[in-house]
Number of protein chains: 2
Amino acid sequence: MPSNRTHTWQEIHERIRGNILNRTWNPGDLIPGEAQLAEQFGCARTTVNRAMRELATAGVIDRKRKAGTRVSVQRTRRVTAEIPVIRSQVEAQGMEYNFIVQKKQLRVPNSATKQAMRLGAQQKALHIRSIHLANAVPFILEDRWVNTHTIPQILEIDFSETSVNEWLVEHVPFTNGEFVVEAVSSSKQVAQALDISCGDSILSSDRSTWLDDKSVTLVKLYYVPGHQMVFTI
Amino acid sequence: MPSNRTHTWQEIHERIRGNILNRTWNPGDLIPGEAQLAEQFGCARTTVNRAMRELATAGVIDRKRKAGTRVSVQRTRRVTAEIPVIRSQVEAQGMEYNFIVQKKQLRVPNSATKQAMRLGAQQKALHIRSIHLANAVPFILEDRWVNTHTIPQILEIDFSETSVNEWLVEHVPFTNGEFVVEAVSSSKQVAQALDISCGDSILSSDRSTWLDDKSVTLVKLYYVPGHQMVFTI
DNA sequence: ATTCTGATTATGTATGCACATAATGTCAAC
DNA sequence: GTTGACATTATGTGCATACATAATCAGAAT
């Protein structure tokens, strides 16, 4: 037997969204107030409020106190994607994952990196370059800097079993970060590491993560040609 | 005078997040139950619930009925970006926006496109190719298919003033979609349109949007070399 | 040992109410 | 006409309570 509750917030969410999609209310239109909708749907204002709140965070409607709620006009498309740990990404495709650490040294980075990580002129950081393999074939080249002032314990870790990537995800939290994607032409060095032709068009991503105002790590990934990043709208 | 309310859900949100970041609770750890936290913070369970719900949708914690709440172990990085209307993107950089419509014809698309839009063998669709300019310099090449069965009214529109892009955003809602990014080597045709060298590495994005199970539009954008897409984590 | 059943428990959500807060409109004072 | 005080209003949030639901566990039946 179904619940005797009149409506769930999700139903209201759907009905409001439906009214928007059916053009009952057009972009820019003022939607009836919460109290009014609550009466119309036969439920509490709280319930309508929750449904509306979710719609607002999804960018479907714009809300302002006193002014009321209106259907968003410029619905900028918000795309999202889950960036998985590389191991999962490989194993999800039924391939065997491996990695090789090419370099690992504590040194003073170049000025661009120093600036990006807000390091002092003579401060060193841990530089790690590794290749991620799928079924023994190069898949991603990783060039990483780790701020040893923020994460001093990383110097003690042996990275022959776990990749830096995985260790950091497991052990180091971060508060915010940035992820930049661009297309580059593979340099000789990158081409050799990934076993591709020099000049091939490949995706590269730069990720920087922060623990409050302290930089944690700066990673540049070079993907093999043809790699796609999928986002949902 | 401050409110005599004990705590806002945002404060609780922050305190819980803080406890996670400070490693008071480690990844995988079980967090005290809602009732317990409510007592500890001196507020209603509803308030704790809301804070926890937000943390859960942000991917910081995992919740399961009866099992309890634990700090997420595999914190897959969820990145998001707002993809603006191209005009805004250009004007945000203080440049003048213009566009040129190169082609516009109703015809039967190739099989890949037909499949992607779930069109019948002989069904036609509107094909529009346009160039977006920033300060009169080519910025993005757009290759678009519009499903005229879903959006028949588009055939009546004059696209000399507004771009297809903008018209669709304004007038056509969609329920879901996909956004794929990859790096490609510019073909002769693309290079000529964007006024770049053939073979340059450029970003290309494919966006498909749907109104329930009916395809709305399929757009391929070719960006100018060096273009970056920025996401926040 | 295995399966089934029911109790227990943590999260999920609806409701009525009260009050907070921002934006807006109104109206009087100047 | 401009300014400023005040009422009004729609959204925002907190609380106590009640009940729903999924997962789990313990113990009984087989």
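Just so we're on the same page: letters track the sequence lines, and every chain starts at 1. Just so it is clear, the values below take in all heavy atoms, side chains as well, and ignore hydrogens, waters and symmetry mates.
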Just the rounded figure in Å: distance from [atom2] of [N] to [atom1] of [X].
{"X": "Asn49(B)", "N": "dT11(C)", "atom1": "CG", "atom2": "P", "result": "9 Å"}
{"X": "Lys66(B)", "N": "dG6(C)", "atom1": "NZ", "atom2": "P", "result": "18 Å"}
{"X": "Arg50(A)", "N": "dG12(C)", "atom1": "CZ", "atom2": "C1'", "result": "8 Å"}
{"X": "Arg63(B)", "N": "dT24(D)", "atom1": "CZ", "atom2": "P", "result": "15 Å"}
{"X": "Lys64(A)", "N": "dT11(D)", "atom1": "NZ", "atom2": "C1'", "result": "12 Å"}
{"X": "Ile12(A)", "N": "dA14(C)", "atom1": "CD1", "atom2": "C1'", "result": "10 Å"}
{"X": "Asp62(A)", "N": "dT11(D)", "atom1": "CG", "atom2": "C1'", "result": "14 Å"}
{"X": "Leu30(B)", "N": "dT9(C)", "atom1": "CG", "atom2": "P", "result": "15 Å"}

Distance test, side-chain N/O of Thr69(A) to OP1/OP2 of dA10(D), below 4.0 Å: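 Result: no.
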Phosphate OP1/OP2 of dC15(D) contacted by Thr47(B) side-chain N/O (<4.0 Å):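 Looking at the OP1 and OP2 atoms of dC15(D), one of them is under 4.0 Å from a side-chain N or O of Thr47(B).
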Close approaches to DNA chain C from residues 31-39 of chain A, in residue order (heavy atom, under 4.0 Å):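 Residues of residues 31-39 of chain A under 4.0 Å from DNA chain C: none.
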Quick one: which of [options] gets closest to the side chain of [X]?
{"X": "Gln10(B)", "options": "dG14(D), dT13(D), dT24(C)", "answer": "dT13(D)"}
{"X": "Ala67(B)", "options": "dG14(D), dT24(D), dT11(C)", "answer": "dT24(D)"}
{"X": "Thr46(B)", "options": "dG16(C), dT17(D), dG14(D)", "answer": "dT17(D)"}
{"X": "Arg65(A)", "options": "dG14(D), dA14(C), dG12(D)", "answer": "dG12(D)"}
{"X": "Cys43(A)", "options": "dA18(D), dT15(C), dA18(C)", "answer": "dT15(C)"}

Any N/O donor-acceptor pair, Arg45(A) side-chain to dG12(D) base, under 3.5 Å: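 Indeed, a donor on one side and an acceptor on the other fall under 3.5 Å apart.
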Intermediate values then yes/no, ring pair (Phe, Tyr, Trp, His ring centres under 6.0 Å), Phe139(B) and Tyr223(B): CA-CA 6 Å; Phe139(B) 178 60; Tyr223(B) 299 79; 7.4 Å; no
Donor-acceptor under 3.5 Å (Asn98(A) side chain, Leu133(A) main chain):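 Such a contact is absent between Asn98(A) side chain and Leu133(A) backbone.
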Geometric class of the His132(A)/Phe99(A) ring pair [parallel <30°, tilted 30-60°, perpendicular >60°]: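 Phe99(A) and His132(A): tilted rings.
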Nearest heavy-atom neighbours spanning Met117(A) and Val216(A):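 That closest heavy-atom pairing would be CE-O, 4.2 Å.
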Ignoring hydrogens and angles, write down the donor-acceptor pairs under 3.5 Å from the side chains of residues 53-60 of chain B, residues two or more places apart or on other chains.
from     : atom 1 : to       : atom 2 : distance (Å)
Glu54(B) : OE2    : Arg50(B) : NE     : 3.4
Thr57(B) : OG1    : Glu54(B) : O      : 2.9

Row check, Trp210(B) ring normal vs Arg118(B) NZ/CZ: under 6.0 Å, within 45°: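 Geometry flag: set, cation within 6.0 Å and 45°.
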Position toward the 5' end of DNA chain D (nearest nucleotide), Gly68(A) or Arg53(A):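 First, find each residue's nearest nucleotide; the 5'-ward one identifies Gly68(A).
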Enclosure of Lys104(B) NZ (heavy-atom neighbours >12, cutoff 6.0 Å):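 Counting neighbours around NZ of Lys104(B), more than 12 heavy atoms of other residues, nucleotides or ligands fall under 6.0 Å, so yes.
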